J.: 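Have a look at this one.
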Amino acid sequence: MTDDDANRLTPAASAEDLNEGEQRAVDHQSRPSAALIHETIRVEGERELERSGFALMMSGLAAGLSIGFSVVVPAILIVALPEAPWKHLLTSLGYTVGFLIVVLGRQQLFTENTLTPVLPMLRAPSWRRAGLVLRLWLIVLLSNVAATWIFSAVLAHTPVFEPEIKQALAAFSQSTMASPFWTMLLKAVFAGWLIALMVWLMPASGDSKPFVIIIVTYVVAVGHFAHIIAGSVEASYLVQIGEATLRDYVFTFFVPTLLGNMLGGIALVACFNFGQVAPELQRSDRRLPRD
């Protein structure tokens, strides 16, 4: 690969009036181009699509368990903090804890996968890639959800937390079942949109990745947006303690939230951001030497 090929996605790649040293200086001072961000995530997606089913399942189980802390920590803060108009603003910070563990620990979370494995399929569509994406989605979703039920069962049926915290968990979780179908779906669109945007921001974030995760997931919390995995901990906990039925879990929470998260992640982030870089990627491909 020549230097021109190596730099074809950098901000200075099209600056033909600059010499090689000047191009490197411009690239050093510039933000990554949208095409470079796209290709970084796409390459990661290609790698994830080729992982074994067992590896995906174990990572998905780890993520589903870890995300439980996005429910437990807010409940602990609800009990610890005095009643005040600003209380929700502080307790929502606890929601970010599970996402920090999952994202920085590189565990498989379903809503992240509405972007990462989709970009390889948009870049080079094929039935094989479509099958691999569906396989990844199915394994990760099922393992995430199974882990949330395990986590909520421990919360509901063991004395690991005091009764006050369990009461706060139940109160905190009620919002998961409080909205009608279409309202829940719209809330889920926003959550899916934000989580996929968080993934899009990661390659350009450098050492600021934890802050990006905290800010984006904090917005999900304060906005009461519906997230399929974190919300599954809450909804399954209500089922475990008898305050909701399995039918409520499936039709009031799971179906609209899943559809909304996928719509927000795939349509509003994956497709739109691929669309903005597709012409640039096509021009770059034409500049590559042919065999």
Side-chain angles (χ1 to χ4, degrees), residues 8-11 31-51 56 60 63 99 102-103 108-141 144 181-205 209 212-213 215-217 219-220 223 225-231 254-286:
R8 62 194 179 94
L9 298 177
T10 60
R31 295 176 298 167
S33 68
L36 182 57
I37 292 173
H38 174 280
E39 289 297 89
T40 301
I41 299 172
R42 180 189 65 81
V43 170
E44 183 177 336
E46 296 276 10
R47 185 171 63 249
E48 295 298 328
L49 288 174
E50 297 298 334
R51 292 181 72 183
L56 291 172
F99 287 92
V102 169
V103 178
Q108 287 284 348
L109 189 66
F110 178 77
T111 44
E112 288 188 84
N113 285 304
T114 58
L115 176 67
T116 306
V118 173
L119 294 185
M121 188 171 66
L122 294 176
R123 183 82 160 90
S126 70
W127 287 111
R128 178 179 179 275
R129 276 198 171 92
L132 288 173
V133 171
L134 292 175
R135 165 183 167 272
L136 183 147
W137 280 349
L138 183 62
I139 294 171
V140 172
L141 179 62
N144 281 174
F181 185 95
W182 292 108
T183 303
M184 184 69 76
L185 187 144
L186 287 173
K187 288 183 175 183
V189 168
F190 276 86
W193 184 9
L194 284 165
I195 297 301
L197 279 175
M198 178 188 73
V199 177
W200 181 264
L201 293 171
M202 286 291 103
S205 299
K209 286 182 175 65
V212 172
I213 298 166
I215 290 168
V216 173
T217 56
V219 174
V220 174
F225 300 139
H227 185 271
I228 186 65
I229 308 306
F254 190 85
V255 172
T257 305
L258 177 63
L259 293 175
N261 283 175
M262 293 185 70
L263 181 61
I266 296 171
L268 297 181
V269 180
C271 291
F272 280 3
N273 284 323
F274 175 75
Q276 73 162 320
V277 302
E280 184 177 350
L281 295 175
Q282 290 171 357
R283 289 194 299 270
S284 297
D285 289 345
R286 285 196 293 268

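Everything numeric here is computed off the predicted structure, so don't read it as measured data.
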J.: Under the rule for side chain to side chain contact (heavy atoms under 4.5 Å, CB included), what residues qualify as partners of Ile139, not counting sequence neighbours?
T.: Leu56, Met57, Arg135

J.: Find the distance between CG (Leu258) and CG (Leu263) and round it off to the nearest 0.5 Å.
T.: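 The distance works out to 11.0 Å.
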
J.: Considering only heavy atoms from C-beta outward, does the side chain of Val102 approach that of Glu112 to under 4.5 Å?
T.: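 Side-chain contact under 4.5 Å: yes.
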
J.: Once rounded to the nearest 0.5 Å, what's the spacing between atom CZ of Phe225 and atom CG of Leu186?
T.: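 Spacing of CZ (Phe225) from CG (Leu186) equals 10.5 Å.
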
J.: Rounded to the nearest 0.5 Å, what separation is found between the CZ atom of Phe110 and the CD1 atom of Ile229?
T.: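 Those atoms lie 7.5 Å apart.
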
J.: May I have all residue pairs that pass side-chain hydrogen bond (donor to acceptor under 3.5 Å, both in side chains) and include part of residues 254-279, sequence neighbours excluded?
T.: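 Pairs touching residues 254-279 that pass the test: Asn273-Gln276.
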
J.: Restricting to salt bridge (charged side-chain N to carboxylate O under 4.0 Å, His left out), what partner residues turn up for Arg51, sequence neighbours left out?
T.: Glu48

J.: Who passes ring pair (Phe, Tyr, Trp, His ring centres under 6.0 Å) against Phe274, sequence neighbours left out?
T.: His38

J.: State which residues pass side chain to side chain contact (heavy atoms under 4.5 Å, CB included) with Leu138; sequence neighbours excluded, sorted by chain then number.
T.: Leu142

J.: Assess the residue pair Thr114 and Val269 against the criterion (side chain to side chain contact (heavy atoms under 4.5 Å, CB included)); give the C-alpha distance rounded to whole Å, side-chain angles, the decisive distance to 0.1 Å, and a yes or no.
T.: CA-CA 9 Å; Thr114 58; Val269 180; over 6 Å; no

J.: How many angstroms lie between atom CE of Met198 and atom CD1 of Ile215, to the nearest 0.5 angstrom?
T.: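 Those atoms lie 12.0 Å apart.
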
J.: Restricting to pairs with a member in residues 186-196, which pass side-chain hydrogen bond (donor to acceptor under 3.5 Å, both in side chains), not counting sequence neighbours?
T.: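 Checked against side-chain hydrogen bond (donor to acceptor under 3.5 Å, both in side chains) - neighbours excluded - the pairs reaching residues 186-196 are Ser179-Lys187.
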
J.: Is there side-chain contact between Leu201 and Ile37, with at least one heavy-atom pair below 4.5 Å?
T.: no

J.: Can you sort out the partners of Pro117 under side chain to side chain contact (heavy atoms under 4.5 Å, CB included), two or more places apart, ordered by chain and number?
T.: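 In terms of side chain to side chain contact (heavy atoms under 4.5 Å, CB included), with neighbours along the sequence ignored, Pro117 is linked to Leu49, Asn113, Val133, Leu136, Trp137.
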
J.: Please report the interatomic distance CE(Met121) to CH2(Trp127), rounded to the nearest 0.5 Å.
T.: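 Those atoms lie 10.0 Å apart.
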
J.: Show the numbers, then the answer: is there a side chain to side chain contact (heavy atoms under 4.5 Å, CB included) between Leu109 and Phe99?
T.: CA-CA 9 Å; Leu109 189 66; Phe99 287 92; 3.8 Å; yes

J.: For Leu185, which residues count as a side chain to side chain contact (heavy atoms under 4.5 Å, CB included) partner, sequence neighbours excluded?
T.: Phe181, Trp182, Val189, Pro256, Leu259

J.: I'd like to check the salt bridge (charged side-chain N to carboxylate O under 4.0 Å, His left out) partners of Glu44; sequence neighbours left out, ordered by chain and number.
T.: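 Result, salt bridge (charged side-chain N to carboxylate O under 4.0 Å, His left out) vs Glu44: Arg106.
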
